[in-house]
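Step one of this worksheet: look at the structure below.
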Amino acid sequence: YAHGGGAAFGAAQLEQGVFYGVLVEGRIVAVAGTHLVSEAYGVAAVGNVFTHPGYRSRGYASQATSAVLAELIRRGIRDIVLNVNQANTAAQRIYERLGFVRAGVFFEGPARARWPRP
């Protein structure tokens with residue numbers, strides 16, 4: 001994750017989530033995981049998918065993400081979602097091949113609450 005801006009998860013996510021990686025010559029070169037998993041509600045959010053820049057375009061992200069999805073399905077998770085940057089067409093193609101369908105567009109940016117509300 002250090003090659004991609006750092007990790008976007010907390011320690012509890014590692015303990016309670018699902019994470020898989022791909023090893024090449026003893027080195028982790030791709031990872032995929034979850035932002036949240038709720039077996040009680042049958043929902044999970046896939047995230048933290050990253051491949052080291054020197055190992056991209058070899059199918060490693062697909063392998064790691066497939067392993068995460070297989071584990072979530074094994075646990076009985078019915079609704080599996082994710083989000084991906086609109087400019088990241090390579091990732092979008094991977095997710096579509098894995099069976100994801102586009103449900104909408106989101107916008108991400110900084111926000112600040114104005115209290116009290118006018």
Side-chain angles (χ1 to χ4, degrees):
Y1 289 121
H3 294 281
F9 56 86
Q13 286 173 286
L14 285 174
E15 295 168 10
Q16 300 167 4
V18 175
F19 285 83
Y20 281 91
V22 174
L23 293 173
V24 174
E25 297 176 357
R27 180 178 186 187
I28 298 173
V29 298
V31 292
T34 53
H35 289 294
L36 68 90
V37 176
S38 174
E39 292 180 35
Y41 291 100
V43 65
V46 173
N48 299 308
V49 179
F50 183 76
T51 303
H52 184 284
Y55 293 87
R56 291 187 177 155
S57 299
R58 300 179 193 183
Y60 297 143
S62 294
Q63 291 174 12
T65 305
S66 292
V68 170
L69 296 174
E71 176 61 18
L72 293 172
I73 292 166
R74 187 193 69 73
R75 292 184 184 191
I77 302 296
R78 297 178 318 273
D79 297 312
I80 304 171
V81 300
L82 58 79
N83 62 34
V84 60
N85 186 309
Q86 295 175 54
N88 193 345
T89 56
Q92 290 175 32
R93 283 192 301 274
I94 290 169
Y95 299 138
E96 288 169 359
R97 281 195 303 267
L98 293 173
F100 285 94
V101 295
R102 189 177 309 240
V105 176
F106 74 95
F107 297 92
E108 185 174 1
R112 182 173 34 142
R114 294 186 345 182
W115 301 108
R117 295 184 97 175

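In this text, all values refer to a predicted model and were calculated from it rather than measured experimentally.
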Minimum heavy-atom distance between His35 and Val46, given as atom pair plus value: CD2-O, 3.6 Å
Basic-acidic side-chain contact under 4.0 Å: Arg93, Glu96: no
Euclidean distance, Arg97 CZ relative to Ser66 OG, rounded to 0.5 Å: 10.0 Å
Nearest atoms (heavy-atom pairs only) where Asn85 meets Gln92: O-NE2, 3.2 Å
Derivation of the side-chain contact (heavy atoms from CB on, under 4.5 Å) call for Leu82 and Val49: CA-CA 10 Å; Leu82 58 79; Val49 179; over 6 Å; no
Option from Leu23, Val22, Thr51 for which side chain to side chain contact (heavy atoms under 4.5 Å, CB included) with Val29 holds: Val22
Minimum heavy-atom distance between Gly17 and Thr34, given as atom pair plus value: CA-OG1, 3.4 Å
Phe50 versus Arg56, closest heavy-atom pair with distance: CE1-NH2, 3.2 Å
Leu98 atom CG, neighbour heavy-atom count above 12 within 6.0 Å: yes
Ring geometry between Tyr95 and Phe100 (parallel below 30°, tilted from 30 to 60°, perpendicular above 60°): perpendicular
Note, Val24 side chain near Tyr55 side chain (heavy atom, < 4.5 Å): yes
Over all atoms of both residues, closest heavy-atom pair of Val18 and Leu72: CG2-CD2, 3.9 Å
N/O donor-acceptor pair under 3.5 Å between Arg78 side chain and Tyr41 backbone: yes
Residue pair Tyr20, Val31: steps toward the side-chain contact (heavy atoms from CB on, under 4.5 Å) verdict: CA-CA 6 Å; Tyr20 281 91; Val31 292; over 6 Å; no
Ile94 to Ala61 - nearest heavy-atom pair and separation: CD1-CB, 4.2 Å
Shared hydrophobic cluster for Ile80 and Val84 (ILVMFWY, side-chain gaps under 4.5 Å): yes
Working for side-chain contact (heavy atoms from CB on, under 4.5 Å), residues Val37 and Gln16: CA-CA 7 Å; Val37 176; Gln16 300 167 4; over 6 Å; no
